[in-house]
Amino acid sequence: MKSEITISELAKLMNVSVHQIRYFEEKGVLWPAYTDNNQYRMYDIEQVYQLSHILLLRKLGVSVQSINDCMTSYSADQYRQLLHHSLREVDAELLRLKELQHFIKKVLHEQQNFNSQSNHYQIKRRDTTYFARWIEMDSHNKLNAKLLAEQAKRVPNLFESDIHYISDGSSTITLCLETQGPGDFSLPGGNYLSMQSLIHEDDELEQMIEQLYDYAATQSYTITGPLILIERSYLSLFSKNGLHYELQFLIESAAKGEPS
DNA sequence: ATTCTCACA
DNA sequence: TGTGAGCA
């Protein structure tokens with residue numbers, strides 16, 4: 001009985017395709033022990049070891065061409081370096097996935113939050129938050145693609161963030177993105193009157209703002225900060241023809257009878 | 001069942 | 001860097 005195996009047996013043994021084994025041969029990294037009279041490639045235990053090494057190096061991101069060099073000339077130390085490099089890549093990928101996981105959780109949470117609280121007025125407690133200035137815009141201008149394209153370098157994955165439109169009453173609106181540490185400026189912590197809703201037409205937004213001011217008046221809230229409009233465009237996944245906005249401003253409650 | 005080649009992502 | 005189809 002022969003000790004060698006055919007290409008399909010080797011393929012099954014190593015969980016790869018027959019094609020792939022021949023491809024490795026074409027690239028000069030794995031040769032059969034010998035070729036049988038019928039032109040069939042025959043492989044022995046030595047090729048099994050070799051193939052497992054090749055597959056490991058492929059997993060580490062080494063190209064088939066480089067595998068040639070590796071297996072013929074690499075020192076133990078060079079392999080250590082290679083492994084270290086590969087480890088860093090895996091760490092980076094892991095970080096990428098963690099961030100994606102975090103984003104998915106955030107979207108789920110925000111969507112839940114929106115369903116339960118849309119079109120209700122609320123008081124929200126906010127800690128001090130920091131922002132980076134992104135675009136300065138005139139209040140009657142609309143955000144357009146050109147404007148975005150000119151600024152695109154400054155922010156990756158644009159519509160996965162909460163975009164804050166901050167209006168201090170003057171004619172310019174500042175578009176901002178929240179930052180973790182101190183950025184261009186900050187909003188003070190405190191109680192914010194808040195309302196969120198789904199907007200289909202531009203004028204609905206104006207109405208929404210008016211409604212919130214009216215409500216604040218009836219409740220005798222004193223507005224002490226700028227108007228903050230938060231756009232969560234990723235939530236439009238759930239309701240195709242609208243944009244999700246939250247409106248906020250800092251209030252002092254006159255009803256609580258604070259001195260002066 | 002295996003080989004080769006070619007087109008295709 | 002492979003895969004799938006068609007052929008001998």
Side-chain angles (χ1 to χ4, degrees), chain A residues 1-108 110-111 144-161 163 232-241 243:
Chain A
M1 171 148 177
K2 278 196 290 201
S3 64
E4 298 86 6
I5 56 177
T6 65
I7 195 168
S8 57
E9 288 174 306
L10 180 63
K12 185 177 285 186
L13 180 66
M14 304 302 288
N15 284 310
V16 295
S17 66
V18 170
H19 243 86
Q20 205 177 344
I21 296 172
R22 275 201 292 263
Y23 179 74
F24 289 149
E25 181 175 326
E26 185 187 321
K27 295 295 169 187
V29 293
L30 181 71
W31 301 93
Y34 66 94
T35 315
D36 216 343
N37 296 331
N38 54 12
Q39 299 294 331
Y40 285 15
R41 296 163 174 82
M42 301 303 289
Y43 300 88
D44 208 341
I45 184 73
E46 192 181 347
Q47 283 74 50
V48 174
Y49 284 121
Q50 281 176 11
L51 181 51
S52 67
H53 285 164
I54 292 166
L55 293 173
L56 176 57
L57 289 171
R58 286 297 298 120
K59 277 195 197 178
L60 300 181
V62 183
S63 71
V64 176
Q65 276 302 327
S66 321
I67 285 176
N68 246 324
D69 311 343
C70 293
M71 302 218 301
T72 57
S73 66
Y74 263 32
S75 67
D77 210 58
Q78 283 174 297
Y79 273 118
R80 286 185 54 80
Q81 281 186 23
L82 195 149
L83 275 269
H84 273 118
H85 177 78
S86 179
L87 183 59
R88 281 197 299 276
E89 305 233 304
V90 171
D91 286 343
E93 183 69 359
L94 221 41
L95 183 63
R96 192 187 68 79
L97 289 172
K98 290 259 189 204
E99 283 169 1
L100 181 58
Q101 182 188 47
H102 182 257
F103 177 68
I104 293 170
K105 285 178 176 172
K106 171 182 156 165
V107 173
L108 280 172
E110 295 282 359
Q111 201 266 341
N144 59 49
K146 189 68 184 174
L147 200 51
L148 276 174
E150 285 164 4
Q151 309 282 344
K153 268 186 182 162
R154 292 175 54 185
V155 52
N157 58 25
L158 186 50
F159 290 115
E160 296 177 13
S161 355
I163 300 173
R232 298 194 179 91
S233 40
Y234 49 84
L235 283 186
S236 302
L237 265 183
F238 301 94
S239 42
K240 283 203 161 48
N241 297 317
L243 276 175

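Just so we're on the same page: letters track the sequence lines, and every chain starts at 1. Model, not experiment: these values are computed from the prediction.
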Among Val64(A), Val29(A), Ile67(A), find the residue that satisfies the side-chain contact (heavy atoms from CB on, under 4.5 Å) test when tested with Leu57(A). Ile67(A)
Determine the sole option in Val18(A), Val16(A), Leu51(A) for which the side-chain contact (heavy atoms from CB on, under 4.5 Å) test with Leu10(A) is passed. Leu51(A)
In B/S/- notation, 5' to 3', how is nucleotides 2-8 of chain C contacted by protein heavy atoms closer than 4.0 Å? BBBB---
Pairing residues for Glu110(A) by the salt bridge (charged side-chain N to carboxylate O under 4.0 Å, His left out) criterion, not counting sequence neighbours: Arg232(A)
Under the salt bridge (charged side-chain N to carboxylate O under 4.0 Å, His left out) test, which residues partner Glu89(A), sequence neighbours left out? none
Distance, nearest 0.5 Å, that separates CG of Asp77(A) from CG of Leu82(A): 11.5 Å
Rounded interatomic separation in angstrom, taking [atom1] from [X] and [atom2] from [N]:
{"X": "Glu26(A)", "N": "dC6(B)", "atom1": "CD", "atom2": "P", "value": "11 Å"}
{"X": "Ile5(A)", "N": "dA1(B)", "atom1": "CD1", "atom2": "C1'", "value": "15 Å"}
{"X": "Lys12(A)", "N": "dA1(B)", "atom1": "NZ", "atom2": "C1'", "value": "12 Å"}

Taking only heavy atoms on the protein side, list every residue of residues 30-50 of chain A lying under 4.0 Å from any atom of DNA chain C, sorted numerically. none
Short side-chain N/O contact to dT2(B) OP1/OP2 from Ser8(A), under 4.0 Å: yes
Crowded around Asn144(A) CG? As in, over 12 foreign heavy atoms under 6.0 Å? yes
Each base of DNA chain B marked ( ) or [ ] if paired in-strand (Watson-Crick or G-U under 3.5 Å), | if paired to another strand and . if unpaired gives .|.||||||
For Tyr23(A), what residues pass the side chain to side chain donor-acceptor pair (under 3.5 Å) criterion, not counting sequence neighbours? none
Hey, are Glu93(A) and Arg96(A) close enough for a salt bridge, meaning a charged N less than 4.0 Å from a carboxylate O? yes
